[in-house]
Amino acid sequence: MKITNSEVAEHTLMSAQTDSIHMARALQLAARGLYTTAPNPRVGCVLVKDGNVVGEGWHQRAGGAHAEVHALQQAGDSARGATAYISLEPCCHHGRTPPCSEALIKAGIRRVVVAMQDPNPEVAGKGLAQLQEAGIETSSGLMQAQAEELNAGFNMRMRTGRPLVRCKMAMSLDGRTAMASGESKWITGSAARQQVHRLRAQSSAIMTGIGTVLADNPALNVRLQDNVPEGGWLQPLRTILDPNLNTPADARLLQQAGRSIIVTAVKDAEREAELQRAGAELVYLPSAGGRIDLPELLTYLGNEQINEVLLETGATLSGAMLNAGLVDELMIFIAPHLMGNAARGLFDLPGLQTMDQRIELNIRDIRAVGEDWCLTAEVKSKE
């Protein structure tokens with residue numbers, strides 16, 4: 001029987017649609033690890049044989065089995081001859097777990113479809129090449145944009161050596177963050193504050209300045225009570241920029257679970273000992289004009305395997321990070337009230353005098369969060 005061109009085209013279209021459906025599911029599974037996989041990427045895997053899903057899995061926690069292994073365990077013998085849909089290229093190196101590429105080969109997988117290649121130099125196409133050498137059909141790039149977004153911080157660290165920086169701010173409708181007196185609780189409502197805790201939970205580190213510590217005495221921890229993952233929330237690394245070691249030993253953030261580091265430029269043995277007794281770690285970095293070298297700080301955090309930094313601070317540090325081109329994304333919560341001309345502004349950005357000096361943004365999302373609004377914007381490169 002002769003197969004017509006239209007029948008071939010229809011079959012190709014149906015195959016593409018089927019691939020998209022299963023990859024969408026793999027990405028959905030990967031997102032379950034949003035709060036628990038750091039410093040590893042979030043990965044999901046779906047195994048399909050004869051049109052039926054025979055196995056699913058996602059990477060649940062760093063040090064544990066990867067998504068492919070969970071899916072293969074669920075599929076058992078049904079994995080032989082199946083197609084694997086994976087949101088990220090399978091690893092091919094020995095880390096804390098064996099290579100997933102070898103597990104797929106051993107299980108007899110026939111075809112592997114990945115959303116994107118792994119930017120980790122230890123993998124970076126080598127996993128797919130190993131599968132191809134074993135006779136497995138492979139393809140890459142299906143729903144890549146969604147996969148890139150899911151692991152934006154991991155990808156940034158692998159490609160540049162530094163983490164992604166997301167700056168969170170809360171403001172009134174007229175762009176104010178605090179009254180002239182410094183009073184700022186609460187600009188936004190409870191729903192927005194809960195969203196901020198979710199942002200903290202998915203971040204590897206929270207960064208703030210000594211001015212915020214002295215003015216607000218924040219805890220900077222995750223305090224969500226709902227949907228607590230097994231093993232509890234991973235508390236982000238609290239990072240305080242304190243050039244002159246002015247952090248009080250009884251600061252709230254030093255009393256929380258998890259690590260707190262104070263980044264400073266001065267050596268003071270007595271203050272250092274006091275802060276270490278309070279639970280802080282001291283990191284010494286070069287400074288200029290009384291300010292920490294910000295690019296050097298991000299390099300340090302990248303070396304500490306920090307994927308995503310949530311910048312929660314005042315106008316001075318947030319403005320300095322923006323001016324240095326080190327903020328990748330803004331998340332601004334906008335409250336439906338006005339605070340007046342005397343209130344404090346959003347960013348301290350001295351030196352912007354002409355229109356061509358503006359910091360340009362690409363607004364990606366605007367949505368209601370309780371009684372407030374959340375605007376998400378990508379900071380455009382100045383290059």
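Heavy atoms from other residues, nucleotides or ligands lying under 6.0 Å from CG of N362 number more than 12. Counting heavy atoms of neighbouring residues, nucleotides and ligands inside a 6.0 Å radius, atom CG of D50 does not exceed 12 of them. The local environment of CZ in R291 is sparse, with at most 12 non-hydrogen atoms from other residues, nucleotides or ligands closer than 6.0 Å. No more than 12 heavy atoms of other residues, nucleotides or ligands sit less than 6.0 Å from atom CD of E149.
Side-chain contact, Q74 with E56: no donor N or O sits under 3.5 Å from an acceptor N or O. For the residue pair T37/R61, the side-chain donor-acceptor check at 3.5 Å is not satisfied. For the residue pair Q132 / T138, a side-chain donor-acceptor distance below 3.5 Å is found, with atom types taken as modelled. In the model, Q195 has a side-chain atom that pairs as donor or acceptor with a side-chain atom of R198 under 3.5 Å.
With values rounded to the nearest 0.5 angstrom, N221 atom CG is found 6.5 Å from R200 atom CZ.
Side-chain atoms of D118 come within 3.5 Å of backbone N or O of N120 as a donor-acceptor pair. The backbone N or O of Q60 sits nowhere less than 3.5 Å from a side-chain atom of R32 that would complete a donor-acceptor pair. Not one N or O on the side chain of S287 forms a donor-acceptor pair closer than 3.5 Å with the backbone of A265. Side-chain atoms of D242 come within 3.5 Å of backbone N or O of T247 as a donor-acceptor pair.
Between P336 and D372 the shortest side-chain heavy-atom distance falls below 4.5 Å. Contact check for L349 versus N323: side-chain heavy atoms found under the 4.5 Å cut-off. Y284 places a side-chain heavy atom less than 4.5 Å from the side chain of K267. Side-chain contact check for P248 versus V213: some heavy-atom pair is nearer than 4.5 Å. The closest side-chain heavy-atom distance from P90 to L131 is below 4.5 Å. Using a 4.5 Å cut-off on side-chain heavy atoms (C-beta onward), R157 and R162 make no contact. Between C45 and L47 the shortest side-chain heavy-atom distance falls below 4.5 Å. M321 places none of its side-chain heavy atoms less than 4.5 Å from the side chain of C167.
No cation-pi contact links R42 to W58, judged by a cut-off of 6.0 Å to the six-membered ring centre and 45° from its axis. F333 does not carry K168 over the face of its six-membered ring by the limits of under 6.0 Å from the centre and within 45° of the normal.
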*Assess whether side chain to side chain donor-acceptor pair (under 3.5 Å) is satisfied between T83 and R110, documenting all intermediate values.*
CA-CA 6 Å; T83 294; R110 178 184 64 83; 3.2 Å; yes
*asked:* Apply side chain to side chain contact (heavy atoms under 4.5 Å, CB included) to residues Q202 and E308 and explain how you reach the verdict.
replied: CA-CA 8 Å; Q202 78 175 69; E308 300 176 27; 3.3 Å; yes
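Annotation for L164: hydrophobic cluster partners, listed by chain and number, are M156 (ILVMFWY side-chain heavy atoms under 4.5 Å, direct or chained).
Relative ring orientation between H66 and H59 is described as perpendicular, the plane-to-plane angle rising above 60° on a 0-90° scale split at 30° and 60°.
Considering all non-hydrogen atoms of both residues, A30 and G44 come closest at CB-N, 3.2 Å.
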List the atom pairs, donor and acceptor, that lie under 3.5 Å between side-chain atoms in residues 232-239 and the rest of the protein, sequence neighbours left out.
| residue | atom | partner | partner atom | Å |
| --- | --- | --- | --- | --- |
| W233 | NE1 | L224 | O | 3.0 |
| Q235 | OE1 | V222 | N | 2.9 |
| Q235 | NE2 | V222 | O | 3.2 |
| R238 | NE | L253 | O | 3.1 |
| R238 | NE | S260 | OG | 2.9 |
| R238 | NH1 | A257 | O | 3.1 |
| R238 | NH2 | Q256 | O | 3.2 |
| R238 | NH2 | A257 | O | 2.8 |
| R238 | NH2 | G258 | O | 3.3 |
| R238 | NH2 | S260 | OG | 3.4 |

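Residues V43 and V46 fall into different hydrophobic clusters, defined by Ile, Leu, Val, Met, Phe, Trp and Tyr side chains chained together at heavy-atom separations under 4.5 Å.
For the side chain to side chain donor-acceptor pair (under 3.5 Å) test, residues two or more places apart in sequence or in another chain that qualify with Q130 are S101.
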